[in-house]
Amino acid sequence: MARTIKVSTWNLDWLTARAPGDPALPRDLPHRSDAGLRQLAAYATRLGADIVGFQEVDSPALAARLFPPARYRIVMSDDHVVQRVGLAVATGLTVTRHPDISELDVYPPDAPHHLRAGLDVTIDDGTASLRILIVHLKAGCRNAALADRRPACRTLARQLTVLDDWIAQRQDEGVAFLVMGDFNRNLTPSDPFFRQLETDGPLTLTTAGRASPCWDGTYFIDHILLGNQARAWLRPDSLRVLTYDAQDPAQAPNLSDHCPVSVGLEMP
């Protein structure tokens with residue numbers, strides 16, 4: 001019998017315990033309180049996902065405040081940035097770690113700031129396995145042509161090459177795979193960015209044709225892409241966005257500027 005697992009991606013918006021004024025943080029970054037962490041943890045419980053790819057988290061200890069060890073194993077990228085990517089995986093699923101996709105940091109070694117690496121793992125439920133890549137791509141080129149000469153678009157185009165190579169390898173191997181995270185891009189089936197990713201085989205863009213209700217509505221920049229057998233595992237109409245109940249916008253700094261995006265997969 002197929003097992004349905006809930007897979008989510010969630011940008012947690014500078015989830016860090018560093019003190020205000022830390023040189024690694026923006027000067028105007030609001031400090032997230034303990035009450036804010038508890039509030040986020042309550043939403044994580046409500047989300048109830050089996051696999052959560054998260055972005056912008058500073059440490060496994062902070063991630064565990066939302067995804068407790070009694071239910072989840074935390075795996076995070078090894079790069080030295082504040083906004084790391086990671087994965088919370090429900091106990092009962094096996095996790096195999098692959099080397100980080102550090103090539104997504106296309107900046108030179110002496111750059112004052114660096115881009116986020118991708119987290120690459122395989123999840124196994126004892127019957128089927130799923131290769132997963134968690135990404136957080138460069139901001140600033142949501143809709144523009146990839147040939148746009150703005151630095152953000154040129155950087156994103158270079159990251160596209162790295163991501164395309166990873167997907168091509170998975171297509172060649174024939175393994176079920178999934179790419180999810182904050183693409184900082186309004187992906188559509190006709191977007192040249194997405195079409196380039198499909199060069200070696202079709203992908204399912206689970207957010208296609210939909211708008212997100214997060215924070216009064218916006219286009220998706222958080223996406224879940226499926227390839228090979230994983231495309232057939234997608235439960236129809238299972239795309240969900242968990243929105244926040246807070247009526248007061250002042251509570252936003254304690255939550256996140258992104259909402260969790262989820263789909264259901266029926267693993268054989």
Practice item. Using the salt bridge (Lys or Arg N to Asp or Glu O under 4.0 Å) rule, pick out the option among Arg32, Arg65, Arg18 that qualifies with Asp58. Key: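 Of the listed options, the one satisfying the test is Arg18.
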Would you indicate whether the side-chain heavy atoms of [Y] and [X] approach each other to under 4.5 Å?
X	Y	answer
Gln55	Arg116	no
Gln229	Leu130	no
Leu187	Leu225	yes
Val7	Trp233	no
Ile221	Asp182	yes
Leu133	Leu163	yes
Leu87	Ile51	yes

When you measure from the side chain of [X] to the backbone of [Y], do you find a donor-acceptor pair of N or O atoms at a distance under 3.5 Å?
X	Y	answer
Glu266	Gly264	no
Asn11	His258	no
Asp79	Val81	no
Asp50	Val89	no
Trp14	Val82	no
Arg158	Val106	yes

Point to revise | Shared hydrophobic cluster for Phe194 and Leu226 (ILVMFWY, side-chain gaps under 4.5 Å) | key: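 Unlinked, Phe194 and Leu226 end up in two clusters.
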Point to revise | Pairwise salt bridge (charged side-chain N to carboxylate O under 4.0 Å, His left out) hits with a residue in residues 80-100, at least two apart | key: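 Of all non-adjacent pairs touching residues 80-100, those that pass salt bridge (charged side-chain N to carboxylate O under 4.0 Å, His left out) are Asp78-Arg97, Arg97-Asp100.
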Review point. Do the rings of His114 and Tyr107 sit parallel, tilted or perpendicular, given the 30° and 60° boundaries?
Key: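 Tilted, since the angle between the ring planes falls between 30° and 60°.
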Practice item. Using the six-membered ring wherever Trp is involved, compare the ring planes of Phe67 and Phe54 and label them parallel, tilted or perpendicular (cut-offs 30° and 60°). Key: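 Parallel, since the angle between the ring planes stays under 30°.
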Check your understanding: Is the number of heavy atoms from other residues, nucleotides or ligands under 6.0 Å of Asp216 CG greater than 12?
Key ->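 No, CG of Asp216 has 12 or fewer neighbouring heavy atoms, counting only those of other groups under 6.0 Å.
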Point to revise | Value rounded to 0.5 Å, distance of NZ in Lys6 from CZ in Arg240 | key: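 Going from NZ on Lys6 over to CZ on Arg240, the span is 8.5 Å.
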Point to revise | Hydrophobic cluster of Val175, others only, ordered by chain and residue number, side-chain cut-off 4.5 Å | key: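 Besides Val175, the hydrophobic cluster comprises nothing; the residue is isolated.
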Identify every side-chain donor-acceptor pair in residues 201-211 under 3.5 Å, counting partners at least two apart or on other chains, and give the distances.
{"residue": "Thr204", "atom": "OG1", "partner": "Arg231", "partner atom": "NE", "Å": "2.9"}
{"residue": "Thr206", "atom": "OG1", "partner": "Ile224", "partner atom": "O", "Å": "2.8"}
{"residue": "Thr207", "atom": "OG1", "partner": "His223", "partner atom": "ND1", "Å": "2.7"}

Check your understanding: Is Glu198 paired with Arg195 through a side-chain N to carboxylate O contact shorter than 4.0 Å?
Key ->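 Salt bridge absent between Arg195 and Glu198.
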Check your understanding: Name the one of Leu160, Leu104, Asn184, Leu115 that satisfies side chain to side chain contact (heavy atoms under 4.5 Å, CB included) with Lys138?
Key ->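 Output: one option passes, namely Leu115.
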Check your understanding: Are side-chain N/O atoms of Gln196 and Thr161 paired as donor and acceptor at under 3.5 Å?
Key ->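 Per modelled atom types, Gln196 and Thr161 side chains form no pair under 3.5 Å.
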